[in-house]
Structures are given as C-alpha cells and as structure tokens.
**Q** 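Please find one structure pasted underneath; my questions will follow.
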Protein chains: 2
Amino acid sequence: MVSVEVAEKVRDVARKLGYLRNPLASGLRTRRSHTVGVLIPDLTNPVFPPIIRGIERTLAAHGYVALLADSGNSSKNKQALTEGLLARQIDGLILATAHRKDKLVEKCLDFGIPLVLVNRTVDKHHVASVINDDELGIKLAFDHLVGLGHRRIAFVGGPQNTSTAHERYRAFLKLARLAGLAVERQLTANSDAFTEAAGQSAMNRILASHPEPFTAVITANDLLALGCLDAFHEWGLRCPADISLTGFNHVRFMDRLKPRLTTIQIPHDELGVRAALLLLEQIGKETAPTTIRLKPRLVTGDSTRAPSKNQRWPAADPVKAPRSTRHPRAVLGAS
Amino acid sequence: MVSVEVAEKVRDVARKLGYLRNPLASGLRTRRSHTVGVLIPDLTNPVFPPIIRGIERTLAAHGYVALLADSGNSSKNKQALTEGLLARQIDGLILATAHRKDKLVEKCLDFGIPLVLVNRTVDKHHVASVINDDELGIKLAFDHLVGLGHRRIAFVGGPQNTSTAHERYRAFLKLARLAGLAVERQLTANSDAFTEAAGQSAMNRILASHPEPFTAVITANDLLALGCLDAFHEWGLRCPADISLTGFNHVRFMDRLKPRLTTIQIPHDELGVRAALLLLEQIGKETAPTTIRLKPRLVTGDSTRAPSKNQRWPAADPVKAPRSTRHPRAVLGAS
DNA sequence: ATGAAAGCGCTAACAG
DNA sequence: CTGTTAGCGCTTTCAT
C-alpha cells in the first residue's frame with residue numbers, strides 16, 4: 001500500500017482530469033448496477049410524488065439511483081417497462097402499481113429480483129411491502145363521525161382490485177357491523193378509479209337509489225371525496241350542513257377547499273423512505289419478506305360536523321345539466 | 001444471412017429462455033447508455049410531476065429511460081447528483097433546476113454532454129431550452145385585469161435568480177409602463193421562494209407599507225397567490241370583493257379553492273415532451289441550441305372581478321397572532 | 001458473406 | 001503483499 005497522502009494526491013489529480021469511475025463497466029463485472037427501478041402508475045396522481053421523493057432521497061444517500069418509469073396505468077406498459085428495467089440490470093425493483101392479484105409481481109418474484117411493493121400490496125403477502133394501515137385509517141374516520149353523532153353513514157370506495165381500496169372497504173363494513181349500524185347495500189358504492197369523476201358518479205348512484213337520508217359519507221380517497229362534493233352540488237346538498245364527508249390521503253391543498261376536507265393523513269414520505277431501505281436491505285442479503293404498515297392520522301377540517309336536526313334532503317332527482325364537463329378527461333387515479 | 005423465419009424463431013426461443021439483451025454491456029462498447037439524467041429541484045412542487053411525466057413518456061417511446069434525481073433545492077446536491085449521473089454514462093441531461101447564472105449549466109456545457117433546460121433557462125441563452133412564454137403569460141393576466149377596469153395593480157414575484165420569476169417581473173413592469181400606470185416601488189415585492197409562506201410575507205410587506213389602496217394583484221406563481229390570500233385574510237381584505245388576484249401555473253385543485261383562482265395555464269406536459277424530443281435530437285447529432293417558448297393561456301376563475309366602488313381597506317396593521325403556524329416548514333418551491 | 005477475435009472500463013482472481 | 005491478467009456481454013473490426 002502506498003502512503004495515504006500519495007493516494008489522496010492521486011485521487012485529486014484524477015478528479016482534476018475529470019476522471020469519473022464508470023459504474024456501468026464495473027457493474028458488468030460485479031453484476032451490481034447500483035440502480036433501482038421504480039414503477040408507478042401515474043406521476044400526476046398527487047399521492048406518488050412524495051413517495052418517489054422519499055425513495056429517491058434514500059437511494060441517493062446509499063449511492064443508488066432510481067430509474068423512473070410511469071406506466072400511465074396501462075398494464076401493457078407495465079410489462080414492457082419492467083422488461084426494459086430488468087434488462088438494464090437493475091439491482092432491485094419498487095412497484096407502486098400492484099393489484100391484489102398481480103401477474104407482474106409473480107413474474108418478478110420468479111425472476112428472483114429483490115422486490116418491494118409500496119403503497120399497495122398483493123393478497124398473498126409473500127412480498128416485501130410498505131403500506132399504510134388502511135383499517136386504522138378508516139377507523140379514525142369512522143370513530144370521528146360516530147363521535148360527532150352520525151349513525152347513518154355511506155361509503156364511497158375505490159377499485160376493489162387494489163389492496164388499498166379493498167382494505168378500506170372491508171374495514172368500513174367491519175366497523176359498521178361492530179358498531180351495530182345497519183349496513184345497507186344502497187349506502188355503499190365502489191368506483192372503478194380513484195378519480196373525481198369516478199367519485200361523483202359513485203355518489204350519484206347512491207343518491208339515485210333514493211335511500212333513507214344518511215348524514216355522513218366516508219370515502220376511500222380525497223379525489224373520490226371531491227367527486228362526492230360535485231355530486232352533492234348536483235343534488236342540492238350542502239357539506240357539511242346536510243352531509244359530513246371524509247377523505248383519505250391528505251392530498252395537498254385539501255385544507256384550502258370550500259369546506260376544508262377532514263381526511264386521513266398517510267405518511268407518504270416515510271412510505272418511500274422505508275420502501276427504499278427495505279429494498280436496499282434485500283439487495284444486501286436474502287431477507288424474509290416483511291410487511292411494514294405505517295400509521296396514519298386524522299386531520300380534521302370542516303367537512304365534518306354533528307348531524308343537523310333539520311337536514312335538507314332532495315325530494316327528486318336533480319335536473320340533469322346537458323353534460324357535466326367538470327372532468328373532461330377521465331384520468332385514472334390511484335391510491 | 002439466414003432466412004427470416006429462422007431468425008424469428010431464434011428470437012422467440014431467446015425470449016422464452018428469458019434472454020434480455022444487456023444494454024450496459026453494449027453501452028460499454030458503443031458509448032451509448034440509452035439513459036438520460038433528469039434533475040429537478042423538488043418533486044413535491046406540483047409544477048414538476050407533469051413535466052417529468054412528459055419527459056419520461058417521450059423517452060420511453062424512444063427506448064430511453066430516465067434517471068431521476070431530486071436535488072431538494074440544494075446546490076450541493078445538484079453538483080453531486082449530476083456527477084453521479086454523468087459517471088453513469090448518461091447520453092444527455094435535462095435540468096429543471098437552472099438559475100439565471102448557473103455554474104452547473106456551464107460545467108455541463110464544458111463537459112460537452114447534450115443538455116436541455118426545461119421550465120427555467122439561463123441568461124446567456126446558449127443552451128437548448130424549453131420554456132413558457134412568461135411575458136405573454138403576464139400580459140394575459142394584466143390585460144384581463146385592465147379589461148375589468150383595474151388601474152392600480154400590485155405585483156408579487158418570485159426569486160429573481162430564476163428566469164421565470166425574472167421574466168414575469170420584467171413583463172409586469174413593462175406592461176405597466178406601456179399602459180401608463182404609475183409603477184410604485186411599494187406595490188411590488190419579490191419573494192425569495194415560490195411558496196405560500198413567501199407569498200404571504202411578500203404581500204404583508206406591501207400592505208405594511210400602507211400604500212394608496214390598489215385593487216388587484218398579479219402574482220408570478222399559484223403558491224405565491226395562495227400566500228397572498230392568507231395575507232388578505234390577516235388584513236381583513238376579501239378576494240375578490242376588495243382585491244382581485246391572479247396566479248400563474250394553474251396548479252391542480254386551484255379551481256376548487258374558496259375563490260377559484262384566475263391563473264395562467266402553462267402546458268406542463270408539452271414542456272416535458274418537447275424537452276425530451278429536443279434532447280433526443282441533440283443526442284442524435286450536434287444541433288444549434290434552440291429555445292422553444294410555449295404559449296400559455298388564461299384560465300378565469302372568480303378571484304378576479306371589476307374593482308368595487310366601495311372597496312374595504314385596512315386602516316391599521318392587523319393584530320398579529322402569536323405566530324401564523326399555517327406554514328410550519330418552509331419548503332422551497334419553484335416555477 | 002461468414003466467423004473469429006479484440007477490446008470497451010472495470011474488478012477479481014491469480015501468479016510472482 | 002504487489003502487480004498482472006482474464007473476462008463480464010456486447011459490438012465492431014478484421015481475417016478468412
């Protein structure tokens with residue numbers, strides 16, 4: 001070994017000459033690319049940026065870099081993009097796109113690449129996952145509403161092929177049963193996307209079934225909640241005067257809406273950080289698949305209040321406007 | 001050459017065996033990684049996700065993949081992350097972090113790597129850039145307000161070391177001069193970040209100088225506009241009853257705020273798409289640095305209306321609350 | 001035309 | 001312990 005100061009000098013000169021070690025070449029030899037794939041369903045969905053940020057920051061701190069791929073909610077893309085990532089010799093993969101039964105997840109497991117699911121997981125929990133405690137989240141909303149005196153509570157859920165939507169729906173049914181509330185089929189509607197348009201249409205379905213008046217709605221997602229507000233508007237219902245409403249996810253700016261939305265805050269940043277750490281650990285050495293479940297908390301706005309004695313309730317269907325152009329493009333969302 | 005069908009068969013078998021060409025190895029030989037670095041200042045700022053999405057989608061369509069790095073607004077990180085990206089043999093670099101005089105941009109130019117700036121550019125425009133036409137944007141807002149009858153208009157700008165903030169500020173001064181409006185120093189304030197907190201404090205400075213009443217405010221960014229709303233609230237001013245307000249960027253959900261914000265929509269997606277295309281072109285062959293300037297458009301909400309005959313105006317400073325904890329963490333924003 | 005061989009930049013295994 | 005060499009998977013060049 002040469003003296004430390006000479007070594008330092010060499011390094012200095014190397015830097016000055018603009019030498020940068022080529023990690024691709026070294027990776028060719030060591031089969032380590034120090035690169036991780038991150039596949040998300042839709043960057044535009046406000047849920048994901050903070051997660052990605054957490055992932056990226058943590059990876060960078062460990063000398064890794066993120067290959068970002070946005071599937072645009074298309075499973076064809078998912079497939080193709082993942083193949084591209086794998087070909088690029090990524091050391092591991094973080095998927096934010098998982099469905100409850102997910103072909104791609106199975107393939108990746110078969111492939112044997114270190115894999116971590118974030119935000120959503122699969123039914124068979126044999127994959128490392130970092131998710132929100134959705135049951136707790138719904139419980140927080142439910143208890144909050146019941147505490148305010150609500151007894152007839154409706155539910156607007158998301159696509160049941162995602163673990164988040166499914167868990168939230170199940171949690172609602174369970175809590176309602178435990179609390180001794182009659183769970184009427186009419187009072188729940190699951191939409192096929194986590195979007196405002198889908199939420200609006202779900203709430204419309206509930207209201208169009210002319211149920212006995214209910215005083216509160218729990219939704220599985222903030223965007224769905226926004227859609228409910230649109231539906232309320234159509235039917236001449238006021239929030240929170242006639243109906244209380246809760247969201248889920250605490251998307252930015254929700255505290256600046258007409259009624260500030262009461263919602264469930266999930267630790268997005270930490271979700272990303274923990275996912276990255278879990279993956280790095282797995283890359284280091286074989287590990288048994290863990291599921292990390294982070295605790296959400298309730299953020300109270302003013303979209304919830306005690307039920308009113310003289311609730312206004314629509315006598316008939318609203319006059320349909322020619323076309324509600326509020327949501328021109330159906331952008332598929334996610335949670 | 002063997003027959004086409006045999007070639008096809010071989011490819012099929014190769015796929016079935018799970019063969020994926022290793023682009024790292026081929027890149028070692030060809031000095032093409034088919035990889036592009038994307039450096040952004042803060043993923044959490046709602047301006048960037050759609051830009052990145054546009055970039056990522058376009059790159060993917062051309063067989064490229066994005067190495068995403070989030071500098072968290074720190075220039076040390078910028079430096080380090082960029083070095084990491086360059087070492088990884090990226091074929092090109094997209095920077096969304098540029099300042100008007102940007103050391104890093106100069107370095108990258110010296111390095112000779114294909115470079116495209118997006119959203120913001122540098123003063124010496126010798127770099128390929130895809131930006132918004134900020135002068136036009138401010139003109140749209142200005143003309144809208146003047147058209148409504150406003151004559152005394154204030155301006156809240158952003159950090160003048162970014163081209164966006166600088167252009168918007170200059171455009172405002174120019175338009176005011178051309179329209180023959182007296183431009184009082186008191187009526188303009190540039191904040192040091194594109195955040196709600198910075199906007200609030202800037203508007204507070206203006207109001208605390210006790211200027212002759214003004215009837216409208218143009219801001220250089222939606223988040224700054226939100227901060228202005230907070231300041232209005234502190235001073236007992238109503239928007240739009242007492243003061244009209246315009247934003248800039250058309251951030252999502254701005255159309256659901258208390259007063260729906262009148263703002264300037266810039267084509268974020270296209271910004272990303274065009275930046276990616278410009279970079280790919282440059283990677284293909286040496287090209288003269290172009291600046292692409294995309295056209296924004298006005299989105300009218302109800303934060304703007306004709307000036308009121310009986311405008312309410314604060315007689316004294318507001319009673320200071322112990323501390324406005326509205327913005328606990330100062331998160332540096334960007335535009 | 002077809003096939004063998006060299007080498008991209010690096011590291012790990014190997015002699016010296 | 002130090003210095004040399006082979007080879008990661010691919011492309012390109014050079015013989016055949």
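So that the names make sense, note that chain A is the first sequence line, chain B the second, and so on, each numbered from 1. Values below: all heavy atoms of this structure, side chains included; hydrogens, waters and symmetry mates excluded.
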**Q** Counting distance only, does the side-chain N/O of D222(A) pair as donor-acceptor with the main-chain N or O of H250(A) below 3.5 Å?
**A** yes
**Q** Should the pair D134(A)-R168(A) be classified as a salt bridge under the 4.0 Å nitrogen-to-oxygen rule?
**A** yes
**Q** Encode nucleotides 6-12 of chain D as B, S and - characters from 5' to 3', where the letter depends on protein heavy atoms closer than 4.0 Å: B to the base, S only to sugar-phosphate, - to neither.
**A** BBBBSBS
**Q** Could you note down all residue pairs passing side chain to side chain donor-acceptor pair (under 3.5 Å) where residues 271-289 of chain B supplies at least one of them, sequence neighbours left out?
**A** E270(B)-R274(B)
**Q** Roughly how bent is the helix from dA1(C)-dT16(D) to dG16(C)-dC1(D) end to end, in steps of 10 degrees, with each end axis from five pairs?
**A** 60°
**Q** Are D70(B) and K78(B) within salt-bridge range, i.e. N to O under 4.0 Å?
**A** no
**Q** When you measure from the side chain of T195(A) to the backbone N and O of A198(A), does any donor-acceptor pair fall under 3.5 Å?
**A** yes
**Q** Is there side-chain contact between Y64(A) and T58(A), with at least one heavy-atom pair below 4.5 Å?
**A** no
**Q** Is the NZ atom of K295(A) crowded by more than 12 outside heavy atoms at less than 6.0 Å?
**A** yes
